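Index from 1, following the sequence. Quick caveat: nothing in here was measured; it's all calculated off a predicted structure. We count ligands from 1, going down the list as the structure has it; atoms in each ligand are counted the same way.
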Amino acid sequence: MAIKFGRPIEMRDTPRPKPALAASPLDLTIRPRRNRKAEWARRLVRENVLTTDDLIWPLFVVDGHNQRTAITSMPGVDRLSVDQAVRDAERAAKLNIPCLALFPYTEASLRDEHGSEAVNPDNLVCKSVRAIKKEFPDLGVLCDVALDPFTSHGHDGLIEDGRILNDETVAVLVRQALVQAEAGCDIIAPSDMMDGRVGAIREALDAAGFLDVQIMAYAAKYASAFYGPFRDAIGSAKTLTGDKRTYQMDSANSDEALREVELDIAEGADMVMVKPGMPYLDIVRRVKDAFAMPTFVYQVSGEYAMIAAAAGNGWIDGERAMMESLVAFKRAGADGILTYFAPQAAEKLRNQG
Ligand SMILES: NCC(=O)CCC(=O)O
Ligand SMILES: [Mg+2]
């Protein structure tokens, strides 16, 4: 069955004609509907506004030239060769989207147990950063720090005897962050959930003179089924062995998110993030209220896929669901949103004037 929003019926400002249905008026002094009577009135009392300034657009990059390959589980999102990523950067700049986030699809032959390609200064992410910053120096570029796009086992860290090694992983992440900063990345975003990585990365960035490179910590990142399509996009869906529950958070927890965020702030995070988005709006609100930090939220691939798939089937109005989901993040307290809808949302906002 098609679920659509009806077109709003606006009341006229002129006196009503005789009502068709007779009823004695209720004795109501307060009628909340008055403030909703017309679009101008709704605009006047609106509490939260989404703007293009709130958007970070994640892109997937792949080796090759002049390539845009569709990602089946993310309708409308492509993997891009570096030259095409630069074209999307141009689109972002034209739309005034402040920042891009880059994720690589690493060739199978370059993946190994240690994620060595992550620290290669010429890997796809570093190449893309250089190419984008060269043409669009004023566009922000965020790079994810974690090993999952580079490991043969699909985990974010190094493994020994089936265990994820925290401190050894942090040492590699520090090197990964440094090659990204050297390539020109503006925001380093550790998404690995190892303990102590923010502090270690901050110290190394400062020691190398990258005093202005920001850190956006994926501070409260939950072990989530909603990452499925992302793993298709970066090619780790088939290789991932087991799950990530020894490092990503348990979806039943909320106080723990505050402790995680507090640690990352103490270690030097400039901005914090909650991920996924829509199932965790309560966490966004708690984090914003508790720390008053720049707080971001990631509307992840599965959230995107649900809306895109339902819209593609004609089951919901995709554009309205997109805008409703994005303003919900603002209402929950987010200062910004990483979303695959960024270009469509920015276009819609521009056309609205
Ligand atoms: N570190 C980045 C992600 O894991 C993104 C997940 C998603 O979009 O599903
Ligand atoms: Mg942590």
Side-chain angles (χ1 to χ4, degrees), residues 56-61 71 73-74 76-77 79 100-106 115 118 125 142-151 154-157 164 166-167 169-170 173 176-177 180 187-202 215-237 240 243-244 246-250 253 255-269 272-280 283 287 291 296-308 325 337-342:
I56 298 180
W57 181 10
L59 299 182
F60 296 104
V61 287
I71 300 157
S73 53
M74 298 182 74
V77 177
R79 281 189 214 107
L100 298 176
L102 300 175
F103 298 96
Y105 176 94
T106 310
V125 168
L142 175 153
C143 291
D144 202 79
V145 169
L147 301 183
D148 53 321
F150 308 99
T151 49
H155 280 282
D156 297 27
I164 301 288
N166 191 87
D167 301 14
T169 298
V170 170
L173 299 174
Q176 182 183 14
Q180 293 173 342
I187 305 176
I188 297 289
S191 73
D192 54 286
M193 287 299 279
M194 296 301 120
D195 298 330
R197 88 285 201 214
V198 171
I201 291 172
R202 185 71 269 163
I215 296 180
M216 182 188 291
Y218 286 76
K221 177 171 177 177
Y222 287 85
S224 173
F226 291 97
Y227 304 148
F230 175 88
R231 292 180 188 158
D232 290 335
I234 65 159
S236 69
L240 181 65
D243 59 53
K244 303 193 177 184
T246 70
Y247 45 106
Q248 298 177 349
M249 286 178 52
D250 186 328
N253 295 353
D255 291 344
E256 187 190 7
L258 298 190
R259 298 196 296 274
E260 281 282 9
V261 170
E262 187 173 21
L263 278 170
D264 285 359
I265 295 169
E267 288 177 29
V272 294
M273 193 207 296
V274 173
K275 179 181 167 195
M278 218 139 74
Y280 298 90
I283 309 296
V287 166
F291 302 105
F296 288 76
V297 62
Y298 202 136
Q299 182 177 49
V300 301
S301 58
E303 299 174 63
Y304 172 87
M306 288 194 298
I307 294 175
S325 68
I337 307 144
L338 291 94
T339 174
Y340 304 99
F341 285 122

Would you call K221 a ligand 1 contact, heavy-atom distance under 4.0 Å?
-> yes

Under a 4.0 angstrom heavy-atom cut-off, which atoms of ligand 1 come close to [X]?
X: F226; value: 9 (O)
X: D144; value: 1 (N), 2 (C)
X: Y340; value: 7 (C), 8 (O)
X: S191; value: 1 (N)

The protein heavy atom nearest to atom 9 (O) of ligand 1 is S301 OG, 2.6 Å

Identify, for atom 1 (N) of ligand 1, the protein heavy atom at the shortest distance, and state residue, atom and that distance.
-> K275 NZ, 3.1 Å

Answer with side chain, backbone, both or neither: which part of Y218 has a heavy atom less than 4.0 angstrom from an atom of ligand 1?
-> side chain

Verify whether the ring centers belonging to Y340 and F60 lie closer than 6.0 Å.
-> yes

Classify the side-chain pair E303/S325 by whether it contains a donor and acceptor separated by less than 3.5 Å.
-> no

Classify the side-chain pair S73/D232 by whether it contains a donor and acceptor separated by less than 3.5 Å.
-> yes

Given side chains that start at C-beta, do those of [X] and [Y] come closer than 4.5 Å, heavy atoms only?
X: Y298; Y: K221; value: no
X: L258; Y: V287; value: yes
X: Q180; Y: L102; value: no
X: D148; Y: F230; value: yes
X: P229; Y: Y304; value: no

The Mg ion (ligand 2): protein N, O or S atoms [distance under 2.8 Å] = E260 OE1

Within 45° cone and under 6.0 Å: K275 NZ/CZ vs Y227 ring | yes

Parallel, tilted or perpendicular: rings of Y222 and Y280 (30°, 60°) | parallel

